[in-house]
Amino acid sequence: MYLLIRDGSTFPETYERRKLAKFLPPVRDAIVKNNTKKVKLCDSDMEYLKNWTMKFKDGDAFHVSFAGGLELYFLAQRLKKRFPTLLGLPYNDDLFRIRHTDSQLSRESASKFIMGIHNDTGVPSERFNYLMDHTYMKVLPERKDKLLKFYRLCDRYKEEILHKPIEEFEKFKTSFHFNNTMKSIEDRIGFRSIPFEHIMQFYDQCVYDDTVQMFIPSPWCVLFNKTDMKVLEYMSDLKSYYQEGYGNDLNYQMTCPMVNDVTTFLRYVVQNRTNARSVIRFGHQTTLLSLYNAIGLFYDADPLLANSTDKIFKKRAWQTSQMGGYAANIAVVVYKCDNVFKFQLLVNEKEVPFPGCSDWLCPVDKWFERLKDFGENCNFKEICEIPEVSSAKTVQFQASSLLFGWLAAIILMIQFQ
């Protein structure tokens with residue numbers, strides 16, 4: 001089994017927490033003070049909002065929440081029960097190949113998952129802690145981790161995609177759907193002309209509260225109805241589609257080290273060159289979603305746009321809340337059926353068809369046909385280097401700069417004569 005898992009639910013980063021802690025209490029007080037006929041919140045929701053306080057602390061950032069730890073622990077328990085010959089064996093380095101990124105969040109996520117596999121009590125023992133520190137974990141510094149943090153090392157990705165405005169995302173802010181959502185929220189709390197940034201801060205706190213606090217709904221979520229939430233989710237998916245999904249070819253091209261990692265494992269299994277039962281990787285949202293893209297999962301024939309039709313808006317395949325949330329995962333499970341190696345693809349523990357394969361159990365050759373060359377011929381440096389300005393353009397620019405400098409000098413001389 002090859003298994004890639006996203007980190008468990010976590011807390012807002014320190015700068016984000018401080019921004020929300022400064023902004024939200026005065027807004028909360030203003031909504032409560034404005035509790036007239038203009039406000040369309042029921043008394044219980046209003047009371048709940050009135051009593052809200054920021055419960056996150058600066059020190060929480062980059063740690064897995066209690067809820068996140070349980071997500072990963074029980075994920076491991078379920079997978080071990082489903083695949084006892086792959087995950088239910090006593091640990092040794094030959095059977096389990098485990099790696100996480102160079103971050104506290106990833107390490108804690110890996111720890112909670114491995115505890116679910118190898119420690120049924122859920123309470124870390126001294127022996128377990130020793131193994132966690134000295135045996136289980138393989139990690140590279142971020143500056144060298146092309147496997148799990150390829151997007152951090154890809155200069156072209158950062159320049160051309162990550163740090164540039166997303167045109168469709170910006171257009172969506174003035175769309176029919178979003179304007180209706182703005183009006184709906186304004187009607188609910190009795191204020192007009194609420195800035196876009198404030199709407200997103202309400203939404204962010206709603207999401208943070210709901211993912212971190214078990215069984216306790218966030219009072220900020222009551223500011224949105226179901227339609228509002230779907231619109232804001234689509235907006236989030238638009239951003240992801242162009243930064244991690246099918247909106248840009250580079251999003252999948254830079255995953256070639258990860259695709260090669262999966263391909264190498266499959267090839268070694270087929271050739272009987274490995275004893276590993278499970279290769280387990282712990283990455284982040286971009287790691288996972290970009291791999292979906294490279295494999296061809298959750299593909300929409302029509303691209304996601306600001307003015308997409310209602311059919312695409314409601315029925316799109318690229319829905320990150322469904323396939324890329326905290327503790328989301330993809331597994332490639334290998335079987336040998338009548339001397340033929342086949343694999344099963346699972347996303348969040350559910351079978352999904354491999355593109356171009358008509359059966360849930362797909363011959364491994366199908367993976368090789370689709371992805372082997374892409375992975376093995378990976379030239380990450382070439383893919384991710386920023387294209388240089390052509391020499392002709394450079395000479396032209398230098399000549400123009402020199403001419404401008406001469407002219408400026410002549411003008412100054414004339415002025416001071």
Side-chain angles (χ1 to χ4, degrees), residues 1-6 75-89 94-100 110 113-114 116-117 138 147-148 150 245-246 252-253 255-283 287-299 317-318 322-324 327-378:
M1 171 191 287
Y2 188 102
L3 182 60
L4 172 65
I5 306 172
R6 184 192 166 183
L75 170 64
Q77 291 271 296
R78 292 192 302 272
L79 288 175
K80 183 173 75 167
K81 184 176 181 180
R82 186 171 180 176
F83 302 106
T85 60
L86 302 180
L87 294 172
L89 302 173
D94 207 30
L95 298 179
F96 294 89
R97 309 288 170 82
I98 301 168
R99 181 167 162 182
H100 64 83
F113 182 86
I114 294 168
I117 294 177
K138 305 293 186 295
L147 175 61
L148 297 172
F150 44 82
Y246 296 96
Y252 83 82
Q253 292 169 354
T255 68
C256 60
M258 167 130 271
V259 172
N260 189 46
D261 194 46
V262 185
T263 303
T264 299
F265 170 70
L266 294 176
R267 187 176 70 249
Y268 280 15
V269 170
V270 170
Q271 296 174 353
N272 196 27
R273 292 172 58 189
T274 180
N275 293 322
R277 295 297 183 91
S278 297
V279 173
I280 307 174
R281 311 301 194 202
F282 296 90
T287 320
L288 187 69
L289 297 184
S290 299
L291 181 62
Y292 290 160
N293 178 3
I295 294 173
L297 302 180
F298 308 108
Y299 175 76
W318 192 264
Q322 300 299 313
M323 43 77 161
N329 54 87
I330 181 171
V332 183
V333 187
V334 185
Y335 298 85
K336 191 174 183 181
C337 311
D338 297 326
N339 290 322
V340 176
F341 285 96
K342 297 185 177 184
F343 71 94
Q344 177 189 41
L345 206 56
L346 302 175
V347 172
N348 296 329
E349 305 171 74
K350 295 180 181 178
E351 287 182 319
V352 295
F354 183 74
C357 203
S358 58
D359 197 352
W360 294 111
L361 277 178
C362 190
V364 171
D365 286 344
K366 289 286 186 181
W367 178 284
F368 294 149
E369 289 171 13
R370 185 178 180 91
L371 295 168
K372 182 173 179 287
D373 288 343
F374 169 65
E376 291 184 351
N377 297 329
C378 176

Next item on the list: Starting from the C-alpha separation in whole Å, work towards a yes-or-no answer on side-chain contact (heavy atoms from CB on, under 4.5 Å) for Leu297 and Val347.
Entry: CA-CA 10 Å; Leu297 302 180; Val347 172; 4.0 Å; yes

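- Thr85 has its side chain within reach of Arg277: a pair of non-hydrogen atoms, C-beta onward, lies under 4.5 Å apart.
- Using a 4.5 Å cut-off on side-chain heavy atoms (C-beta onward), Tyr335 and Val340 make no contact.
- Contact annotation: the side chain of Phe341 never approaches that of Leu266 to less than 4.5 Å [non-hydrogen atoms, C-beta and beyond].
- Counting heavy atoms from C-beta on, the side chains of Leu75 and Glu349 come closer than 4.5 Å.
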Notebook entry, point to check: How far apart are the C-alpha atoms of Arg267 and Phe368, what are their side-chain angles, what is the distance that settles it, and do they pass the side-chain contact (heavy atoms from CB on, under 4.5 Å) test?
Noted result: CA-CA 9 Å; Arg267 187 176 70 249; Phe368 294 149; 4.2 Å; yes

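- Ring centroids of Tyr2 and Phe343 are separated by 6.0 Å or more, keeping the two rings apart.
- Panel note: side chain Lys80, backbone Leu87; no donor-acceptor pair is recorded below 3.5 Å.
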Checklist line | side-chain contact (heavy atoms from CB on, under 4.5 Å) evaluation trace for Arg370 with Phe354 | finding: CA-CA 10 Å; Arg370 185 178 180 91; Phe354 183 74; 3.6 Å; yes

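- The one candidate from Leu3, Leu345, Val364 that meets the side-chain contact (heavy atoms from CB on, under 4.5 Å) condition with Val332 is Leu345.
- Counting only distance, with no hydrogens or angles, the side chain of Gln344 and the backbone of Val333 share no donor-acceptor pair below 3.5 Å.
- Remark: the backbone N or O of Leu86 is paired with a side-chain donor or acceptor of Ser278 at under 3.5 angstrom.
- Residue Leu371 holds its CG atom at 11.0 Å from CD of Glu376, rounded to the nearest 0.5 Å.
- One finds the CD atom of Glu369 at 9.5 Å from the SG atom of Cys357 (value rounded to the nearest 0.5 Å).
- Under the 4.5 Å side-chain criterion, counting only non-hydrogen atoms from C-beta, Trp360 is in contact with Pro353.
- Within the model, atoms CE of Met323 and CG of Asn329 stand 13.5 Å from one another, a figure rounded to the nearest 0.5 Å.
- By the salt bridge (charged side-chain N to carboxylate O under 4.0 Å, His left out) test, Asp338 is found to be paired with no residue, residues two or more places apart in sequence or in another chain being considered.
- To the nearest 0.5 angstrom, Asn377 atom CG is 8.0 Å from Lys372 atom NZ.
- Looking at heavy atoms from C-beta onward, Phe374 lies in side-chain contact with Thr255 at the 4.5 angstrom threshold.
- A heavy-atom distance below 4.5 Å is not found between the side chains of Leu289 and Phe298.
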Notebook entry, point to check: Which is it for Lys336 and Val269 under the side-chain contact (heavy atoms from CB on, under 4.5 Å) test, yes or no, and what are the steps along the way?
Noted result: CA-CA 10 Å; Lys336 191 174 183 181; Val269 170; over 6 Å; no

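- Separation of atoms CG (Leu79) and CG (Leu346) is listed at 8.0 Å; rounding is to 0.5 Å.
- Note: Tyr299 and Tyr246 have perpendicular aromatic rings, judged against thresholds of 30 and 60 degrees for the angle between ring planes.
- Between the CD1 atom in Ile295 and the CH2 atom in Trp367 there is a gap of 4.0 Å [rounded to 0.5 Å].
- One finds a salt bridge joining Arg281 and Asp261 here, because a Lys/Arg side-chain nitrogen approaches an Asp/Glu carboxylate oxygen to under 4.0 Å.
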